[in-house]
Amino acid sequence: MQDLASVLKEFSKRYPAIGNDKAAAAFEVVQQDQDIRDFWSENQAKLKPDALVVSMTDLFEFVREKKRSADGKPALYPGYRPTLVVEKGYPHVAYEPTEETKKSLRQAALLRSIAVPKSVAKADLNQIVEEVGQDEGRAPAVAAVVSTFSALVNQHENGGQDFVPGVYLSGDFGVGKTYLMGAFANALAYNGIGVMMVHWATLIERLKGSFGNNGDQSLLELIDEAKKAPVLILDDLGADTLSSWSRDSVLAVILEYRMQHELTTCFTSNFDLTSLEKYLSQTKDGQEPGKAARLMQRVLYLSKPVAMAGKNRRLDR
């Protein structure tokens, strides 16, 4: 690196408005930074003779942002850390995502959601586990979800092929079924596992709305996405007015594919299994217990039932 006198002379020519005292202080800070010294040593052949003078502000910004991060102060670009790169012979500050940010970005890419409440986007499985002791009615459901999560992460990390059944989570309104499943989805995506969480009634309405121009293609693509998601969560099953079309051409098609390919599938519903079967058997065309029974076999193959109890949390807001 250049000596102080040479730098100040060149710096004053280029930036006459900046006094020598400020320039000397900046140079001293830059010169003492070990990361900059290492960078200079590694890239000496690529750097132009006036690189230090021309890029002094970049180098000072690099040191300043490192210090702010070390001191726990707000960063210029939260979630990103400064690094140095060579561009056309000069050092410049670039910002690369931290490991936490990389995971968050990967999580966003791996999590597909349709009509999921805004609050669910921040649901944290670890926090739910920590708080479960305050509401014993939720404990069995939380334990079942954590067990499924652990099995899926272990399979993902070790390349396992065994089928991991999902959870059929039933319970009254407002006990936190959707929130728990949202936390499950967030945790999966954070660990690199693709997941789709969809509000069942909204999915049906969107499929209905896709009829028309290019509707058939849109419908097929959305159903295909639900069929093939590595992990699928059907939220609030039974919230819609059942039709033979939504049951036989949508739900049955999705569940049949997922059963044949042993893809983890979870459900939330206000119905227990007995009530769900009654719901699936009744359409405007009348009672069809045979079709309901076949669908129930798929639900039972794909998931393990667990009841969730507790107070209605929506009333506390």
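- Shown here are the salt bridge (charged side-chain N to carboxylate O under 4.0 Å, His left out) partners of Asp248, two or more places apart in sequence or in another chain: Lys291.
- What you find for Arg247 and Leu242 is that their closest heavy atoms are CB-CD1, 3.8 Å.
- Side-chain atoms of Ile114 and Leu222, non-hydrogen and from C-beta on, do get closer than 4.5 Å to each other.
- In the hydrophobic clustering of ILVMFWY residues, with side-chain heavy atoms under 4.5 Å counting as a link, Val129 and Val306 come out together.
- Residue pairs satisfying the side-chain hydrogen bond (donor to acceptor under 3.5 Å, both in side chains) criterion with at least one member in residues 190-203, sequence neighbours excluded, are listed as follows: Glu100-Tyr190, His199-Thr202, His199-Asp236, Trp200-Asp240.
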- Message: Determine whether Val253 and Lys227 satisfy the following criterion, side chain to side chain contact (heavy atoms under 4.5 Å, CB included), listing intermediate values before the conclusion.
- Response: CA-CA 8 Å; Val253 169; Lys227 282 165 51 179; 4.0 Å; yes

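- Separating the OG atom in Ser249 from the CD1 atom in Ile204 is a distance of 9.5 Å, to the nearest 0.5 Å.
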- Stepwise, does the side chain to side chain donor-acceptor pair (under 3.5 Å) test hold for Asp50 with Tyr90? CA-CA 8 Å; Asp50 60 347; Tyr90 296 99; 3.0 Å; yes

- Passes side chain to side chain donor-acceptor pair (under 3.5 Å), Asn126 versus Glu130? Steps please. CA-CA 6 Å; Asn126 287 327; Glu130 290 175 2; over 6 Å; no

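- Looking at Leu207 and Leu203, their side chains come closer than 4.5 Å, going by heavy atoms from C-beta outward.
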- Item | Steps toward side chain to side chain contact (heavy atoms under 4.5 Å, CB included) verdict (Val86, Leu47) | CA-CA 7 Å; Val86 178; Leu47 296 170; 4.1 Å; yes

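- Summarising the geometry, atom CE belonging to Met181 is positioned 10.0 Å from atom CG belonging to Leu188; distances are rounded to the nearest 0.5 Å.
- The nearest pair of heavy atoms linking Thr83 to Phe62 is CA-CE1, 3.8 Å.
- Nearest heavy-atom pair, Asp124 versus Tyr179, reported as atom, atom and distance to 0.1 Å: N-OH, 4.4 Å.
- A donor-acceptor pair under 3.5 Å links the side-chain atoms of Ser303 to the main chain of Val299, judged by distance alone.
- Cluster membership check: Leu110 does not share its hydrophobic cluster with Ile193, using side-chain heavy-atom separations under 4.5 Å among Ile, Leu, Val, Met, Phe, Trp and Tyr.
- Atoms OG and CE, on Ser113 and Met197 in that order, are 8.5 Å from each other to the nearest 0.5 Å.
- Sorted by first then second residue, the salt bridge (Lys or Arg N to Asp or Glu O under 4.0 Å) pairs that include residues 254-272, not counting sequence neighbours, are Glu256-Arg298.
- For the residue pair Val120 and Thr178, the shortest heavy atom distance occurs at CG2-CG2, 3.9 Å.
- Two residues are said to be in side-chain contact when any heavy atoms from C-beta on lie closer than 4.5 Å; Val145 and Ile128 fail this criterion.
- Every residue two or more places apart in sequence or in another chain that forms a side chain to side chain donor-acceptor pair (under 3.5 Å) with Glu225 is listed here: Arg112.
- In the hydrophobic clustering of ILVMFWY residues, with side-chain heavy atoms under 4.5 Å counting as a link, Leu295 and Met259 come out together.
- At a threshold of 4.5 Å between non-hydrogen side-chain atoms, the residues Leu276 and Phe267 do not count as touching.
- Both Tyr301 and Ile254 belong to a common hydrophobic cluster when Ile, Leu, Val, Met, Phe, Trp and Tyr are linked at side-chain heavy-atom distances under 4.5 angstrom.
- Rounded to the nearest 0.5 Å, atoms OG1 (Thr274) and CE (Met296) are 7.5 Å apart.
- Remark: side-chain polar atoms of Asp235 are not paired, donor with acceptor, to backbone N or O of Lys177 under 3.5 angstrom.
- Rounding to the nearest 0.5 angstrom, the gap separating the OG atom in Ser69 from the CG atom in Leu76 is 12.0 Å.
- The closest donor-acceptor contact from the side chain of Asn154 to the backbone of Ser150 lies at 3.5 Å or more, if one exists at all.
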- Query: Run the side chain to side chain contact (heavy atoms under 4.5 Å, CB included) check on Ile233 and Cys266 step by step: do they pass?
  - Reply: CA-CA 5 Å; Ile233 302 170; Cys266 296; 4.1 Å; yes

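- A distance of 5.5 Å separates CG of Leu273 from CG of Leu300, quoted to the nearest 0.5 Å.
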- Chi angles and distances behind the side chain to side chain contact (heavy atoms under 4.5 Å, CB included) call for Val93, Leu84: CA-CA 5 Å; Val93 181; Leu84 291 173; 4.2 Å; yes

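- For the residue pair Gly194 and Pro230, the shortest heavy atom distance occurs at O-CB, 3.3 Å.
- A donor-acceptor pair under 3.5 Å is formed between the side chain of Ser55 and the backbone N or O of Pro91.
- Residue Phe149 is not grouped with residue Leu263 when hydrophobic side chains (ILVMFWY) are merged at heavy-atom distances under 4.5 angstrom, including chains of intermediate members.
- Nearest heavy-atom pair, Leu111 versus Ala185, reported as atom, atom and distance to 0.1 Å: CD1-CB, 3.9 Å.
- Legend: side-chain hydrogen bond (donor to acceptor under 3.5 Å, both in side chains) pairs involving residues 59-68, not counting sequence neighbours, sorted by first then second residue: Asp33-Lys66, Asp35-Lys66, Glu61-Tyr95, Lys67-Asp71.
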Using distance only, find each side-chain donor-acceptor pair of residues 160-175 under 3.5 Å and give its atom names and separation, not counting sequence neighbours.
| unit_1 | atom_1 | unit_2 | atom_2 | d |
| --- | --- | --- | --- | --- |
| Gln161 | NE2 | Gly159 | O | 3.4 |
| Tyr168 | OH | Ser269 | OG | 3.4 |
| Tyr168 | OH | Phe271 | O | 2.9 |

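- With contacts defined as side-chain heavy-atom distances shorter than 4.5 Å, the pair Leu125/Leu180 qualifies.
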